[in-house]
Structure formats: C-alpha cells, structure tokens
Amino acid sequence: MNCRAGSNGVSENANSVSLVNIFGTFFRIGLFTLGGGLAMSPVMRHELVIKRRWMKDADFISVMSLATVVPGAIAVNMAYLLGRRLRGKTGAAIAISGTILPSFFVILFIAGFLLPFFNYPKVAAFFRGCAIAVVGQLAFAGFIFGRKLLRSWRHFIVCAGGVLTIGVLGMHPIWGIMAASVLGFWLCPGDNPQGADCHANDD
Amino acid sequence: MLMMIKLFMSFMLIGLGAYGGGLVTIPLIQHELVSGRHWLGFDEMAQILAIAQMTPGPIAVNAATFTGFRLSGIPGSAVATAAVVLPSILILTLIVPWVEKFRSNGYVNKFRNGIQLGVLSLILFAVWSYGVAAVRGWMDLVIAAAAFSFLVVFDGKLHPIIAILACGVMGVVIF
C-alpha cells in the first residue's frame with residue numbers, strides 16, 4: 001500500500017532513486033545521528049524530503065506516524081517504511097542496513113578495543129555517574145508519558161495493572177504490556193489520546 | 001549453537017517490546033540479560049546503556065551488538081543485531097498492505113491506547129528496578145534527582161546525552 005505512491009507516479013523521481021544512493025543516504029544518517037528514532041527522524045526528514053526531494057512531506061509524516069505505533073525500534077521502522085516507499089522491499093532492506101551498519105561498527109570498535117579500559121577506577125566512576133543519569137532519564141520519560149496518558153482513574157488502573165503484572169507477579173515485561181492493552185481495551189474504550197493526530201496524519 | 005539460539009530469542013523479544021522509543025527497551029534488556037539469564041552484571045549493562053545513548057543508532061540495536069560481542073564475539077554480535085531488527089521487518093511486511101484498514105480499525109485504536117499505558121507501566125517499573133540497582137546512596141539519589149529536574153526544566157528540549165555526560169563527569173569528581 002505504501003508503494004502505491006511510487007507506482008502511481010505521485011512523486012516522479014521516486015523510481016529513479018538508485019539503491020546505492022539509498023544506502024549512502026541512510027548510512028550517513030545512521031553515522032552522524034546520536035541516538036535512536038526520535039533523534040533520527042528530523043535528520044531523515046531533512047535528508048529525504050528537503051534536501052533530496054525523494055518524497056513529499058505528507059508521505060514522510062504518514063510514515064512517521066506508522067513507525068511509532070508498531071513494535072520495534074523507531075529508527076529501524078522508519079528506515080523500512082521510507083526505503084520501501086523509494087524502492088519496494090529491496091529498498092527497505094537496503095535502508096535498514098544503511099541505518100544500522102554505522103552503529104554496528106562503532107559498537108564493535110568500542111567492545112573490541114575499549115572494553116579493557118572500562119575497569120579503570122575513573123572510567124568506572126564516569127559510567128556509574130552515567131548509570132545514575134539514566135534513572136533520572138527514565139523518571140523523566142515516565143513523567144512525560146504520564147502527563148499525557150493518565151487522564152482519569154481508569155487510566156491509572158490500566159497502568160497499575162501493567163506495573164503489578166511485572167513488578168509483583170514477576171512476569172516478563174512483555175506480559176505487562178499485554179495485560180495493560182487488554183485492560184485498556186476493556187476499561188477505556190473509545191478514548192484515544194492520539195486519535196485526532198492519527199487521522200490528521202493520513203495522506 | 002544453543003547460545004546463539006538463546007541470544008537470538010532474547011533479542012527478538014527485546015526488538016518486539018521496543019515500542020515507542022528507546023527507553024522502553026531498558027527494562028526489557030535488564031529483564032532478559034541481567035535478571036533472567038545472568039549474561040551480564042548490572043554495572044556492565046549500565047555501561048552498555050550509557051554507551052548506546054552516546055553513539056549513533058537505537059539503544060536496542062547498540063545493546064544487541066555489544067552484548068552479542070561480549071557473549072560470543074563477532075558472530076554473536078551479528079546474530080543479536082539481526083534478531084533485534086527482525087520483528088520490525090516481519091511486522092511491517094505483514095501490515096503494510098493493510099495499513100489503511102489497520103489505521104481506521106477501531107479495535108486496533110482501542111488496543112493502542114492500552115499499549116501506550118502498558119509502555120508507561122513498563123517505564124515506571126524500570127524507574128524502580130533500574131533505580132534500586134543504580135542508586136546506592138544518598139549522593140546517588142541527589143544526582144538522579146538533579147538529572148530529572150534538569151530534564152523537566154528544559155522540558156525535553158535538551159539532548160539527553162548532555163544530562164548523561166554531565167552526570168558522568170560528576171561521577172568522576174565524586175566517586
């Protein structure tokens with residue numbers, strides 16, 4: 001369905017984008033963007049929509065809204081959908097490889113050559129500080145999502161159901177998400193915090 | 001070989017659960033690699049997560065490459081990295097032809113609401129489970145609270161790397 005735009009000739013240069021070009025562009029994006037999908041999507045938009053004009057902004061926004069609602073890392077989902085729009089399934093595979101290969105090599109380099117230094121007291125102290133920052137970061141994410149999603153006592157119950165499944169029953173975190181989605185389906189039908197945004201983004 | 005299969009399964013689950021942003025993968029990684037299988041110690045995982053956020057690429061993908069390498073070298077890193085992106089590819093390949101129906105389907109939207117709340121509960125759980133392992137004294141609690149307030153004051157406009165690096169430097173000075 002996403003390829004439809006290309007095959008109908010909506011964007012005339014879409015089919016002329018070469019696989020090498022796709023790989024190169026996504027490789028650059030993957031190499032020079034620190035962080036995952038949320039940091040990467042503005043860069044992707046700049047490279048694909050503004051600089052290269054490979055697709056329209058509306059198409060990009062519809063890709064972005066889909067990439068954030070399906071499971072998987074957002075950057076990988078974005079690469080799949082954008083690559084697929086440009087050159088079908090091959091394009092999707094090429095775009096994903098381009099996006100993750102730079103980080104693959106960077107991490108291999110760190111794991112292969114820098115790992116021995118991690119035991120130095122000062123380096124360990126640095127990482128201990130970083131680990132503590134991540135606690136603050138998680139609390140901040142909980143704060144932001146909570147402010148957006150917890151709108152009535154029903155939402156609190158659904159969320160508490162998820163926390164209890166993982167924390168008290170000790171089940172796998174995936175079951176926590178499942179429990180909350182079933183509870184949410186049952187307890188708060190009809191209210192969709194992002195419903196409006198979901199329709200506005202359709203092309 | 002068995003190790004490779006376990007590694008593959010673990011990271012496929014992590015890839016599947018990575019819903020709506022990298023931080024959600026932290027409780028999954030902690031559950032799969034530290035408390036579940038004891039492949040990594042907490043400190044080692046915390047180092048990986050810090051590095052994953054300071055380098056290019058999604059947290060889940062970076063953690064997969066790093067853990068795979070630590071457990072079984074370059075083949076392990078390739079297997080884990082492939083496993084973590086596989087759910088994305090499978091799910092998107094399945095739903096792209098149905099995407100318009102998928103979007104307008106009321107049932108999907110109702111479940112989506114619950115999934116988002118589930119992700120929130122996962123993050124709240126992680127604040128606790130990751131927090132009790134990382135925060136080991138009053139000083140640590142002060143640093144964590146400072147990082148939190150810093151992020152709240154800037155209301156998401158500050159790149160998280162800056163907060164992480166700042167706390168790292170504080171760590172070098174204090175510990």
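Atoms considered below: every heavy atom in the structure, side chains included; atoms not considered: hydrogens, waters and symmetry mates.
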> Tell me, side chain or backbone of A:Phe143 under 4.5 Å from chain B's heavy atoms, or both, or neither?
Replying inline: side chain
> Within a strict 4.5 Å, meaning less than it, do heavy atoms of the A:Ile107 and B:Phe69 side chains meet?
Replying inline: no
>> Working note: B:Ser88 + A:Tyr80, criterion side chain to side chain contact (heavy atoms under 4.5 Å, CB included); need CA distance, chi angles, decisive distance, verdict.
In response: CA-CA 8 Å; B:Ser88 293; A:Tyr80 178 97; over 6 Å; no
>> Need one label for B:Leu49: side chain, backbone, both or neither, based on atoms under 4.5 Å from any heavy atom in chain A.
In response: neither
>> Under 4.5 Å from any heavy atom of chain A, what part of B:Leu23 do you find: side chain, backbone, both or neither?
In response: both
>> Which atoms of B:Met54 are under 4.5 Å from chain A, going by heavy atoms: the side chain, the backbone, both sets, or neither?
In response: both
> Can you tell if the side chain of B:Leu120 reaches within under 4.5 Å of the side chain of A:Leu150, non-hydrogen atoms only?
Replying inline: yes
>> Taking the side chain as everything from C-beta on, heavy atoms only, tell me whether B:Thr55 gets closer than 4.5 Å to A:Ser103.
In response: no
> Side chain, backbone, both or neither: which part of B:Ile115 has a non-hydrogen atom closer than 4.5 Å to chain A?
Replying inline: both
> At a heavy-atom separation under 4.5 Å, does B:Glu32 approach chain A through its side chain, its backbone, both, or neither?
Replying inline: side chain
> Of the backbone (N, CA, C, O) and the side chain (C-beta and beyond), which part of B:Asp43 lies under 4.5 Å from a heavy atom of chain A, both, or neither?
Replying inline: neither
>> Between A:Ile100 and B:Thr65, does the side chain to side chain contact (heavy atoms under 4.5 Å, CB included) criterion hold? Intermediate values first, please.
In response: CA-CA 10 Å; A:Ile100 64 172; B:Thr65 311; over 6 Å; no
> How long is the gap from CG on B:Asn113 to CZ on A:Arg151, to the nearest 0.5 Å?
Replying inline: 9.5 Å
> Does a side-chain heavy-atom distance below 4.5 Å link A:Phe145 with B:Gln116?
Replying inline: no
> Hey, does B:Ile95 have a side-chain heavy atom less than 4.5 Å from the side chain of A:Leu66?
Replying inline: yes
> Side chain, backbone, both or neither: which part of A:Phe126 has a heavy atom under 4.5 Å from chain B?
Replying inline: both
> Does any heavy atom of chain B fall under 4.5 Å from the side chain of A:Met78, the backbone, both, or neither of them?
Replying inline: neither
> Has the side chain of B:Tyr19 got a donor or acceptor atom that lies under 3.5 Å from a matching backbone atom of A:Val69?
Replying inline: yes
>> Is B:Leu13 in contact with chain A via its backbone, its side chain, both, or neither, using a 4.5 Å heavy-atom distance?
In response: both
> Between B:Pro58, B:Ala147, B:Ala50, which has the largest tally of heavy atom pairs under 4.5 Å with chain A?
Replying inline: B:Pro58
> Can you say whether B:Thr25 sits under 4.5 Å from chain A via the side chain, the backbone, both, or neither, judging by heavy atoms?
Replying inline: neither
> Where does B:Leu165 contact chain A at under 4.5 Å (heavy atoms): side chain, backbone, both or neither?
Replying inline: both
>> Please find the pair of heavy atoms, one from B:Phe175 and one from A:Gly129, that lie closest to each other, and give the distance.
In response: CE1-N, 4.2 Å
> Non-hydrogen atoms of chain B under 4.5 Å away: do they reach the side chain of A:Leu115, the backbone, both or neither?
Replying inline: side chain
>> Would you call the rings of A:Phe140 and B:Phe148 parallel, tilted or perpendicular, taking 30° and 60° as the class edges?
In response: perpendicular
> Which bit of A:Ile166 is near chain B, if near means a heavy-atom gap under 4.5 Å: side chain, backbone, both or neither?
Replying inline: both
> B:Phe66 versus chain A, heavy atoms under 4.5 Å apart: side chain, backbone, both or neither?
Replying inline: both
>> Walk me through whether A:Val163 and B:Leu122 qualify under side chain to side chain contact (heavy atoms under 4.5 Å, CB included).
In response: CA-CA 7 Å; A:Val163 175; B:Leu122 200 50; over 6 Å; no
> Looking only at heavy atoms, what is the nearest atom pair of B:Ala144 and A:Ile132, with distance?
Replying inline: N-CG2, 3.5 Å
> Are any of the side-chain heavy atoms of B:Asn62 and A:Val106 separated by less than 4.5 Å?
Replying inline: no
>> Please classify the contact between B:Val135 and chain A as side chain, backbone, both or neither, with a heavy-atom cut-off of under 4.5 Å.
In response: side chain
>> Taking side chain as everything from C-beta outward and backbone as N, CA, C, O, which of these in A:Ile144 sits under 4.5 Å from a heavy atom of chain B? Side chain, backbone, both or neither.
In response: side chain
> Using non-hydrogen atoms only, which part of B:Ile161 is less than 4.5 Å away from chain A: side chain, backbone, both, or neither?
Replying inline: side chain
>> Less than 4.5 Å to any heavy atom of chain A: does that hold for the side chain of B:Ala126, its backbone, both, or neither?
In response: both
>> Nearest 0.5 angstrom please: B:His159 NE2 to A:Leu34 CG, how far?
In response: 6.0 Å
>> Side chains of A:Val134 and B:Gln53, heavy atoms from C-beta outward: is any pair under 4.5 Å?
In response: yes
> Among A:Met40, A:Gln137, A:Lys122, who wins on heavy-atom pairs under 4.5 Å with chain B?
Replying inline: A:Gln137
> Can B:Ser121 and A:Cys159 be said to form a side chain to side chain contact (heavy atoms under 4.5 Å, CB included), step by step?
Replying inline: CA-CA 5 Å; B:Ser121 59; A:Cys159 187; 3.8 Å; yes
> Salt bridge or not for A:Arg128 and B:Asp140, using N-O below 4.0 Å?
Replying inline: yes
